[in-house]
Amino acid sequence: MMKKLLAAAALLVAPSLFAEPVTQATLLRYAEHASAQCPGQSFKIEPIMQQGPAGFDLFRITQGSSDEYCATQKLLLVSPKSGQTIFGMVIRLPEDTRPMMIRLAEHATTLLRAPVTARVAPISLPDGLKAVTMTRDTPWGHFPYDGFVDQSEQFLIVGLRGSLKEAPEKTLRDQLGVSNGARRGNPKAKNEIIELSDFECPTCGNAHKKLEPLLEKNISKVNYVRLDLPLFEHHEWAFPAAMGARAIQRVAPEKYWDYVNTIFANQQLLKKENIDAFIKNFCTDHDINWAAAEKIYASPSERQALLDQVSRAFSAGISSTPTYIINGEAMGFGPEGEFTINSVRKAIGLPPVKIASVPATKKKNGAAKQ
């Protein structure tokens, strides 16, 4: 799904038109804050001297890391006129005389290998951008991919849209819709941790097992928010499990975190064929009004709201799980999770710990055996 779109992206470039005081050092710092944090990371910025989206200067941001899976390359687009930014990728569109909506739908259909419809906003954003939505059908509803076309209508741009006038951490937080998440801990705590996870993801289960004792013991020091990010094209019961969480959060919010713990503890037992019964039994066993929960669980509009939540995360550049945002800094977890665990420990005032690596022969599904 999103990986296919990412794989099709070409790194494009444009000459730098910046005048002082905006320097490449300033842009590099912006990109560092907009990127997912990695152990042993380094960043490099390169102006790209090739035609790209009209009205923007382009820079290639290369992030190195001691974790080979964390290293990445992205494009930073910056408008010298308005300071508008987009941090993500650029795809050149086929050039012909057909309307943009038709060209875009056809190209997206080719890239995603599935029928896609496209809609282009009639009103332009700053610097001549137009918002576009490409939609494909899924078993759960219509999944939207959001992006932008430039004023020349030659390029599709996908990524986190912000401004040099605003911290990218705030831009990310606002785009994710954090206010819709499930909360626990101290809402007045200076430390905020946002979790985006998939109930079927083995690494998410590993992360939950390792982090939960630490968080439970120190929850008064943290304002904790959880958002579902079910990667439903790869995980067959992740979406209904997330819908169960959505229903319980509305009907019996005090039971929500029990549900989260129970799902992660039973990952190995759950399948597409038994997830519905599992959720119903959980509600019955925990005195949750199943009729009220089922109404939300089976609601097409609620399913669409969850799909839109996943889409917002993808548009912001978050398409892997788990992702944690600790006081504005986004990061993954990895097999052992030492970098993320120590980031949590630092936030709550605890010293770092060393976590021994598990030999590769003892790993399963990308996560260490427990």
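Not measured: the values here are computed from a predicted model. All residue numbers refer to positions in the sequence shown, counting from 1.
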More than 12 heavy atoms of other groups within 6.0 Å of Q151 CD | no
Would you check, one step at a time, whether the test side chain to side chain contact (heavy atoms under 4.5 Å, CB included) holds for Q84 with S163?
-> CA-CA 4 Å; Q84 181 179 198; S163 170; 5.7 Å; no
Please round to the nearest 0.5 Å and tell me the distance separating atom CH2 of W257 and atom CD1 of I248.
-> 12.5 Å
Taking N274 for its side chain and K271 for its backbone only, find out whether a donor-acceptor pair lies under 3.5 Å.
-> yes
Side chains of H142 and Q304: do they bring a donor and an acceptor to under 3.5 Å?
-> no
Enumerate the residue pairs fulfilling disulfide bond (SG atoms under 2.5 Å apart) with a member in residues 142-195, sequence neighbours excluded, ordered by first and then second residue.
-> none
Distance-only, no hydrogens or angles: does the E329 side chain make a donor-acceptor pair with backbone N or O of A36 under 3.5 Å?
-> no
Do L350 and V353 sit in the same hydrophobic cluster, where Ile, Leu, Val, Met, Phe, Trp and Tyr count as joined when their side-chain heavy atoms come under 4.5 Å apart?
-> yes
Give a yes-or-no answer on whether the side chains of Q73 and T62 include a donor-acceptor pair shorter than 3.5 Å.
-> yes
Shortest non-hydrogen contact from S124 to K130?
-> OG-CE, 3.4 Å
Determine whether V132 and F148 make a side-chain contact, defined as any pair of heavy atoms from C-beta on separated by less than 4.5 Å.
-> no
May I ask you to test the Q24-P47 pair for a side-chain heavy-atom distance under 4.5 Å?
-> yes
Can you name the ring pair (Phe, Tyr, Trp, His ring centres under 6.0 Å) partners of H208, sequence neighbours left out?
-> F264
With sequence neighbours excluded, what pairs up with Y259 under the ring pair (Phe, Tyr, Trp, His ring centres under 6.0 Å) test?
-> F199, F282
Electrostatic pair E192-R173, nearest N-O below 4.0 angstrom | yes
Going from CG on L76 to CD1 on I45, what distance comes out if it is rounded to the nearest 0.5 angstrom?
-> 6.0 Å
With rounding to the nearest 0.5 Å, note down the distance linking CD1 in I279 to OG1 in T262.
-> 11.5 Å
For the pair Y297 and W290, name the ring-plane relationship: parallel under 30°, tilted 30 to 60°, perpendicular over 60°.
-> tilted
Quick one: do I193 and I325 satisfy side chain to side chain contact (heavy atoms under 4.5 Å, CB included)? Show the steps, please.
-> CA-CA 6 Å; I193 299 178; I325 304 173; over 6 Å; no
Could you tell me whether a side-chain N or O of E338 sits under 3.5 Å from a main-chain N or O of I355, the two making a donor and an acceptor?
-> yes
So do the side chains of P53 and V90 get within less than 4.5 Å of each other, counting heavy atoms only?
-> yes
Donor-acceptor pair, Q267 side chain versus C201 backbone, under 3.5 Å?
-> yes
All pairs passing disulfide bond (SG atoms under 2.5 Å apart) where residues 26-108 contributes a residue, at least two apart | C38-C70
Residues passing the side-chain contact (heavy atoms from CB on, under 4.5 Å) test with S343, sequence neighbours excluded, are I326, M331, F339
Side chain to side chain contact (heavy atoms under 4.5 Å, CB included) assessment of Y145 paired with V158 = CA-CA 9 Å; Y145 300 91; V158 179; over 6 Å; no
Side chain proximity check, I61 to F87, heavy atoms < 4.5 angstrom | yes
Does R246 come within less than 4.0 Å of E302, counting only side-chain N to carboxylate O?
-> yes
Does the side chain of S65 come under 3.5 Å of the side chain of D67 through a donor N or O and an acceptor N or O?
-> no
Is the backbone N or O of H286 less than 3.5 Å from a side-chain atom of K255, with the two atoms forming a donor-acceptor pair by type?
-> yes
Answer yes or no: is there a donor N or O on one side and an acceptor on the other, between the side chain of R92 and the main chain of L156, under 3.5 Å?
-> no
Quick one: do D276 and K280 satisfy salt bridge (charged side-chain N to carboxylate O under 4.0 Å, His left out)? Show the steps, please.
-> CA-CA 6 Å; D276 292 344; K280 181 179 180 179; over 6 Å; no
Decide yes or no for K210 and N206: does some side-chain heavy atom of the first lie under 4.5 Å from some side-chain heavy atom of the second?
-> yes
Give a yes or no on whether the backbone of R226 and the side-chain of E195 come within a donor-acceptor separation of less than 3.5 Å.
-> no
Correct closest heavy-atom pair for S220 and A189 would be O-CB, 4.3 Å
Smallest separation among heavy atoms of D150 and Q154, with atom names = OD1-N, 3.2 Å
Between E233 and R136, is there a salt bridge with N-O shorter than 4.0 Å?
-> yes
Assert yes or no for the condition that the ring centre distance of F232 to F143 is strictly below 6.0 Å.
-> yes
Salt bridge present between R184 and E212 (N-O < 4.0 angstrom) = yes
Hey, does the side chain of N223 reach the backbone of N191 with a donor-acceptor pair shorter than 3.5 angstrom?
-> no
Under the side chain to side chain contact (heavy atoms under 4.5 Å, CB included) criterion, do N186 and V222 qualify, and how do the steps go?
-> CA-CA 6 Å; N186 180 3; V222 175; over 6 Å; no
Which pair of non-hydrogen atoms, one from L176 and one from A316, has the smallest distance, and what is that distance?
-> CD2-CB, 4.5 Å
Tell me, do R345 and N342 make a side-chain contact under 4.5 Å, heavy atoms counted?
-> yes
Atom NZ of K217 and atom CD1 of I348: how far apart are they, to the nearest 0.5 Å?
-> 9.5 Å
First locate atom OG of S320, then atom CG of L231, and finally report the distance between them rounded to the nearest 0.5 Å.
-> 8.0 Å
Does L58 share a hydrophobic cluster with L125, counting links as ILVMFWY side-chain heavy atoms below 4.5 Å and allowing steps through other members?
-> yes
Any donor-acceptor N/O pair, T135 side chain to V116 backbone, under 3.5 Å | no
Joint cluster assignment, F43 & Y69, ILVMFWY side-chain distance < 4.5 Å = no
Sequence neighbours excluded, which residues qualify as side-chain hydrogen bond (donor to acceptor under 3.5 Å, both in side chains) partners of R312?
-> none
Could you give the distance from CG (D174) to CD (E169), rounded to the nearest 0.5 Å?
-> 11.5 Å
Is there a donor-acceptor pair under 3.5 Å between the side chain of K81 and the backbone N or O of F56?
-> no
Just wondering, do K74 and S35 contact through their side chains at under 4.5 Å, heavy atoms?
-> no
Does a sphere of radius 6.0 Å around CD in E166 hold more than 12 heavy atoms from other residues, nucleotides or ligands, not counting ones at 6.0 Å or beyond?
-> yes
Determine whether more than 12 heavy atoms belonging to other residues, nucleotides or ligands lie under 6.0 Å from atom CE of M100.
-> yes
Quick one: does V344's side chain get under 4.5 Å of L214's, heavy atoms only?
-> yes
Going by the angle between their ring planes, with limits at 30° and 60°, are F333 and Y324 parallel, tilted or perpendicular?
-> tilted
Between E95 and R103, does a salt bridge (charged side-chain N to carboxylate O under 4.0 Å, His left out) hold up when you go through it step by step?
-> CA-CA 8 Å; E95 294 185 36; R103 287 193 291 140; over 6 Å; no
